[in-house]
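Inspection log for the structure reproduced underneath, given as structure tokens.
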Amino acid sequence: MNDLVLIKPLGSRLEPYTTADLVAEYAQLPHKSVNELIRRHREDLELFGTLQFEMEACPHRTGASVRKIYHLNEQQATLFITYLQNTPPVRAFKKRLVKSFFAMRQELARRDIQRAVKAPVRRKLTDAIRDSGENERMQGHAFATYTNLIYKAAIGRTAAQLRRAAGLEKGAEVLPLLDAEQLAEVTRREAQACTLLDCGMTYDAIRAVMLPTARREADT
């Protein structure tokens with residue numbers, strides 16, 4: 001698990017980033033000092049993109065009720081660490097940060113590959129549902145129902161449950177929430193569902209095949 005580098009949507013892609021809080025934690029520096037250093041070098045950092053931040057509520061903080069948490073993309077973070085004094089904890093942090101960004105880039109590349117593989121499978125699932133007559137039989141809800149089944153079989157939670165956990169709206173895309181291994185398993189399960197549909201099986205029979213009895217729970 002990469003606990004130093006996070007990802008967030010940026011247009012149609014995902015951007016790796018770290019936060020001032022994580023810099024302070026892993027470099028063993030005071031949060032206030034890190035934030036002051038970011039503000040001091042803001043103009044330099046914004047040569048590599050707008051300096052993003054999030055606001056966090058601080059119910060127990062005296063005075064201000066919220067605080068600003070700065071986000072640093074890879075280039076900003078790489079520049080920022082040059083401004084830190086090379087104490088032993090800071091040197092260890094710098095090495096870990098570089099490795100973490102590299103690992104996240106590799107993970108995002110694997111996700112891109114899995115999505116490229118998954119795209120034709122998703123089209124085939126749509127075709128398989130249409131050709132099977134399941135959509136008519138399920139009154140237009142077949143695709144959502146099968147998608148929930150596939151996610152449940154692949155990663156133990158339905159697409160609807162993933163959306164709720166992430167605070168996404170109904171019908172929002174959940175693929176960005178999955179890592180490369182999860183995407184591969186979803187792709188495999190979609191192919192399985194297509195095969196079973198092509199064999200003339202209907203939802204209840206397919207669900208019995210894809211979900212062992214002990215794992216069967218509500219699809220939503």
Side-chain angles (χ1 to χ4, degrees), residues 1-17 54 99-220:
M1 178 69 69
N2 194 332
D3 52 2
L4 180 54
V5 174
L6 312 171
I7 53 175
K8 61 183 175 183
L10 185 66
S12 60
R13 63 184 176 86
L14 294 173
E15 178 182 70
Y17 72 100
E54 62 182 296
K99 290 179 180 179
S100 295
F101 269 112
F102 179 75
M104 184 58 75
R105 286 199 306 273
Q106 287 187 313
E107 166 63 18
L108 292 177
R110 286 194 294 268
R111 294 190 189 189
D112 287 341
I113 291 170
Q114 288 300 329
R115 289 192 186 99
V117 171
K118 188 177 183 303
V121 178
R122 174 52 61 100
R123 288 195 294 272
K124 185 178 178 183
L125 177 63
T126 305
D127 294 342
I129 290 173
R130 180 199 64 212
D131 296 342
S132 68
E134 281 285 82
N135 204 44
E136 290 78 9
R137 189 180 69 80
M138 301 175 77
Q139 300 180 341
H141 299 293
F143 189 79
T145 302
Y146 273 94
T147 298
N148 278 327
L149 171 62
I150 287 162
Y151 276 75
K152 184 73 171 181
I155 60 177
R157 289 192 290 174
T158 68
Q161 288 170 337
L162 289 170
R163 288 188 194 96
R164 285 198 294 269
L168 299 178
E169 295 181 358
K170 184 177 180 180
E173 180 60 75
V174 296
L175 288 180
L177 303 176
L178 307 182
D179 61 30
E181 291 183 4
Q182 290 172 328
L183 280 165
E185 183 60 16
V186 167
T187 300
R188 188 180 75 83
R189 289 295 193 166
E190 284 193 352
Q192 181 186 24
C194 289
T195 299
L196 297 175
L197 282 164
D198 290 342
C199 290
M201 295 175 67
T202 56
Y203 177 77
D204 288 341
I206 293 173
R207 183 171 184 268
V209 171
M210 294 181 66
L211 287 181
T213 303
R215 289 184 55 195
R216 290 180 202 165
E217 299 173 3
D219 288 344
T220 59

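Keep in mind that what you see is a predicted model, and the values were worked out from it rather than measured.
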Q: Please determine if D127 and K124 form a salt bridge, counting it only when a charged side-chain N lies under 4.0 Å from a carboxylate O.
A: no
Q) Which distance, rounded to the nearest 0.5 Å, do you find between the OG1 of T126 and the OH of Y146? A) 13.0 Å
Q: Please name the pair of heavy atoms, one in I150 and one in A193, separated by the smallest distance, quoted to 0.1 Å.
A: CD1-CB, 4.1 Å
**Q.** Smallest separation among heavy atoms of T147 and A159, with atom names
**A.** CG2-CB, 4.1 Å
Q: Quick one: do R163 and L177 satisfy side chain to side chain contact (heavy atoms under 4.5 Å, CB included)? Show the steps, please.
A: CA-CA 9 Å; R163 288 188 194 96; L177 303 176; 5.8 Å; no
Q: Could you tell me which residues satisfy side-chain hydrogen bond (donor to acceptor under 3.5 Å, both in side chains) with Q182, sequence neighbours excluded, listed by chain and number?
A: none
Q: Verify whether one side chain among R164 and Q161 offers a donor that lies under 3.5 Å from an acceptor in the other.
A: no
Q.
Let me confirm one number: the CD1-CD distance from I129 to E134, rounded to the nearest 0.5 Å.
A. 8.0 Å
Q. In Å, rounded to the nearest 0.5 Å, how long is the span from CG of L197 to CG of L125?
A. 7.0 Å
Q) Distance from E181 atom CD to E107 atom CD, nearest 0.5 Å? A) 8.0 Å
Q: Determine the minimum heavy-atom distance between A153 and M210, stating which atoms define it.
A: CB-O, 3.7 Å
Q) What's the shortest heavy-atom distance between S100 and V5, and which atoms? A) CB-CG2, 3.5 Å
Q. Is the closest side-chain heavy-atom distance between V209 and Q192 below 4.5 Å?
A. yes
Q: Calculate, to the nearest 0.5 Å, the distance between atoms NZ and CG belonging to K152 and L162 respectively.
A: 10.0 Å
Q. If you measure from CE on M201 to OG1 on T195, what distance do you get to the nearest 0.5 Å?
A. 11.0 Å
Q) Closest approach of P16 and I7, non-hydrogen atoms and distance? A) CA-CG2, 4.0 Å
